[in-house]
Amino acid sequence: MAQYPFSEIEKKWQTHWAETGLYKVLENPQKPKYYVLDMFPYPSGTGLHVGHPLGYIASDIVSRYKRLKGFNVLHPMGYDAFGLPAEQYAIQTSQHPAKTTAANIETFRRQLDLMGFSFDWSREVRTCEPEYYRWTQWIFGQFFNHWYDKAAEKARPTSELERHFSLHGNSGINAACSEPMQFTAAEWNVLSPKMKSDILNNYRLAFIDFTTVNWCQELGCVLANEEVVNHPEKGPVSERGGYPVVRKKMKQWSLRITAYADRLLKGLDTLEWSDSIKEIQRNWIGRSEGAEIQFTVESLQSTVGEIAAITVFTTRPDTLFGAPFVVLAPEYEGLGTLCSDEQREAVMTYAESAKNRSEIDRMADTRKTGVFTGAYAKHPFTEKPIPVWVSDYVLAGYGTGAIMAVPAHDERDFEFAKAFKLPIVPVIKPENKNLLEPLKEAFSAKDGICFNSDFLDGLAVKSAIQKAIEKVENKGLGKRKVNYKLREAGFGRQRYWGEPFPIVFDSNQIPHLINDLPVELPKVESYKPTGTGESPLAGVKEWVEVDLEDGPGLRETDTMPGWAGSSWYFLRYIDPGNSETFAGQTTINYWKQVDLYVGGSEHATGHLLYSRFWTKFLFDLGYLSVDEPFKKLVNQGMIMGEDGQKMSKRWGNVVNPDDVCTQYGADTLRMYEMFLGPLTDSKPWNTNGIEGVSRFLSKFWRLFEQEELFSLTDETPSKYELKILHKTIKKITGDIEQMSFNTAVSAFMVATNELGALQCKKRAVLEPLIILIAPFAPHIAEELWQKGGHKESVHLATWPVWDEQHLVETHFEYPISINGKTRTVIAFDLNADAKEIEATVLTDATVQRWMEGKPMKKFILVKGRIINVVV
RNA sequence: GCCCGGGUGGCGGAAUAGGUAGACGCGCAGGACUUAAAAUCCUGUUGUCAGCAAUGGCAGUACGGGUUCGAUUCCCGUCCCGGGCACCA
């Protein structure tokens, strides 16, 4: 018989498990809980290829293992069902995205079922279902109704904020907000409702922002930076279609994620995530400590009026005395009023062209351009006037949009100074060494000594930074400041297939939250972009226009982005049927957080950051007891095509798991994917290789057969058989704990080969082996278990424990090295006396030959490891 | 440019509190069973040199140094590959 009857038994058990609800899980305070989660898939039209289930197999093995170890395991699955591709497909085929999405989900489910996963499907979620997205909308509403109190380091209700404003204005409020502002209670109380609303918008965690976006007229929508490419002649164009893209300010809903920047950064230290993902998030958040320093504007050459002071941000206040000029971003607020009349035209022309250059273009081009504004700022310490320039190498969105240039110690400032022949003033030198002038490049090292710097002279950079900040603060010239690269998260899309906002604008343009949820997505005739920058929903008059208590209102017609639903889905699995709240308190307190999360690393700065953000927010509101969603994260690698290229239709190298299951069975597919190599590595698929695993499973099956009939005996196992069993239990247990599944599979092969050679058919040895392999190959294990006479599922059995006593060795074959080179092997009792061993070794013929009569210098004996004779 | 990973047979990969490098599988070669094939099983398989052979010598974990009785593992330098960030002051 070639292969064991996998197709028959796999189908049988899959049906049986589903019918008996084997993987259904409920809260059980008697058992420790374990929550294993996979990143839920986006149900594309192409279905799964063998690369997709890699992570699912790994997490399924852990889930099954943990159950056998006595844990109450939550292992759910669902679908990230809103999003652009579905909408695009709907437009092309004139079908409703709900319909195509449902069809795709069906395909996914069929494929997933083939592989024998132990998901609790009763907990399935789909982000596009009203019963799910009503809670996405509800969480959005919470963001809308809260602000971030920096003093308390938590989110608080805006109702409290309004009360405070009416009593004290905004004094005493330390909030995360878009624009700094100051007002008294008297001022607040006389404001119009619209103005109050605008001010609250400045504080809300979900707020309306006017941001510069990439607008593509032809496609009628906003594009992400990575969807815009630079055309040599046409300039910025859309990646798809090559249509022109312009930068345009548009109204966008945003989430104030920057309020949580510091906590998002600090929280990383508590997580068992890979260093690389943590590092990516750290870089993305981009915390830098420094100071904001004011430079008063000196020149009064402008006829329009002037800005009193320019505030710059620097991480190197120690280089203050090396700042011969100041540079502003082209978007700098009030640039036109700052510059001198003679320079105004040149400045504005430059600023305009810079603004229209795409981000990509500006970044790619590191040649320095710029214009002198005609204005001068007073250096805060030397009090000398220094020129103010404008250049697009200064980013408007970071810090204050203005810098003090220190060309001698900053690469970019150096390039700029060289390009415009501006002075380069060195103020930091290496210890015990002088700088060679003129400088060939900026000396940006942070281990130098200050000179030419007045009160900083002789100080090391580190202490000079502290001293400079103190001085700046004491003299009232600025303050210590921490800056983040992290930007607010744009939360609106001009698209149909997403969650509608629970927002209505009244006739004064004041946004009001709708509390009657869900706000359902209306059925529409056309999903096509409108071309006006509005979502297709804007065309559905009967939906958009609503009656409010005091007049007509208009619904928000943007929808939420793809990441909205995925930012909290792990919480819904905990209590998927709850119609009172997103998840009930007792269930949340039981399951707490995801213990193991398996998924791709491509979500490092998107989903994984947003989920942490939403979790911290809901934690602040008291709904969660932990403020990190995913305790341990493992990123599975990619499975490449046989040709070493990425698996895709384009290369024709896609392997479909359905085909593999048909030909070899799900158990073989599961074990082979694990056998390919370490889970986290990328590795190529190899069709020949799968034969080896298939052969192994057949061999494993035959281990239980005598003359092709199932046979287990009750004979007492030999010492050697017990040793094989217990060493395997130990190895498999350790490997699963370390998620080293490839070596676990090889350990099964070794055990099977060894027991096969012994013709061992003993129940006491083989039955524990069935439990060990059950997480990897659940079908074959269940069949053999049942054949062995068990009525209950093997997946409800108890994980075997190894006994060291069976692993104790009495002898060891010591490799004997002479001067570090292995020359022979001699066996000794492990309890043998060191002196005796030494004597025996030295009289050994081979040892003597290699010692060539030279005297022994040293005798090294590492018990159970090696013997080395040094001559 | 900067920051993370990583370079081990023909291939996927084992082995690092420093201790017999190449487990396991694929591929390849040879053999057994068979009328034959499939399936299964057995043997060999890092390179090189010596030998009819059993066997043995030497070299060998990207490259060059270092520490050590002993280095794939630790340290320094170089090269290459993968990933991330990229004018973030």
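Chain letters run A, B, ... following the sequence lines, proteins first and then strands; every chain starts at 1.
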Chemist: Measuring only the C1' atom in each nucleotide, how far is B:rG19 from B:rU72? A whole number of Å is fine.
Modeler: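 B:rG19 and B:rU72 have their C1' atoms separated by 13 Å.
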Chemist: So, is A:K821 near the phosphate of B:rA59, with a side-chain N or O under 4.0 Å from OP1 or OP2?
Modeler: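 So the side chain of A:K821 is within the cut-off, an N or O lying under 4.0 Å from OP1 or OP2 of B:rA59.
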Chemist: Taking only the side-chain heavy atoms of A:I403 (C-beta and beyond), determine which of B:rU40, B:rA89, B:rG25 contains the nearest atom.
Modeler: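 Selected nucleotide (nearest to the side chain): B:rA89.
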Chemist: What integer number of Å spans the P atoms of B:rU45 and B:rG56?
Modeler: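 After rounding to an integer number of Å, I get 13 Å for this pair.
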Chemist: Starting at atom CD of A:E279, determine the distance to atom P of B:rG83, rounded to an integer number of angstrom.
Modeler: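 Those two atoms, CD and P, are 18 Å apart.
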Chemist: As a test of reading the structure: which of B:rC3, B:rC26, B:rC85 is closest to the side chain of A:K485, going by heavy atoms?
Modeler: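 The nucleotide sitting nearest to the side chain is B:rC85.
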Chemist: Could you check how far OH of A:Y4 sits from P of B:rU40, rounded to whole Å?
Modeler: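 Whole-Å distance recorded here is 14 Å.
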Chemist: With side-chain hydrogen bond (donor to acceptor under 3.5 Å, both in side chains) as the test, pick out the partner of A:E642 among A:T687, A:N653, A:N688.
Modeler: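 With A:E642 as partner, side-chain hydrogen bond (donor to acceptor under 3.5 Å, both in side chains) holds for just one option, A:T687.
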Chemist: Could you measure between the two C1' atoms, the one in B:rG77 and the one in B:rC11, and give it in whole Å?
Modeler: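 Looking at atom C1' only, B:rG77 and B:rC11 are 32 Å apart.
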Chemist: Quick check for you: among B:rA89, B:rG84, B:rC24, whose closest atom lies nearest to any side-chain atom of A:Y398?
Modeler: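 Shortest atom-to-atom distance from the side chain points to B:rA89.
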Chemist: Using atom C1' of each nucleotide, how far apart are B:rC81 and B:rU8 to the nearest Å?
Modeler: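 Their C1' atoms lie roughly 15 Å apart.
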Chemist: According to the interplanar angle, ranging from 0 to 90°, do the rings of A:Y398 and A:F313 count as parallel (below 30°), tilted (30 to 60°) or perpendicular (above 60°)?
Modeler: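 Because their plane-to-plane angle is over 60°, the rings of A:Y398 and A:F313 count as perpendicular.
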Chemist: Which whole number of Å gives the distance between the P atom of B:rG44 and that of B:rU55?
Modeler: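 It comes out at 10 Å once rounded to the nearest Å.
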Chemist: Any donor and acceptor pair, going by atom type alone, linking the side chain of A:H379 with main-chain N or O of A:P324 inside 3.5 Å?
Modeler: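 Not a single qualifying donor-acceptor pair exists.
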Chemist: Reading nucleotides 7-20 of chain B 5' to 3', which nucleotides get B (base under 4.0 Å from a protein heavy atom), which S (sugar-phosphate only), which -?
Modeler: -----BSS----BB
Chemist: By nearest atom, which of the nucleotides B:rA89, B:rC58, B:rU40 is closest to the A:T315 side chain?
Modeler: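 Within the option list, the nearest is B:rA89.
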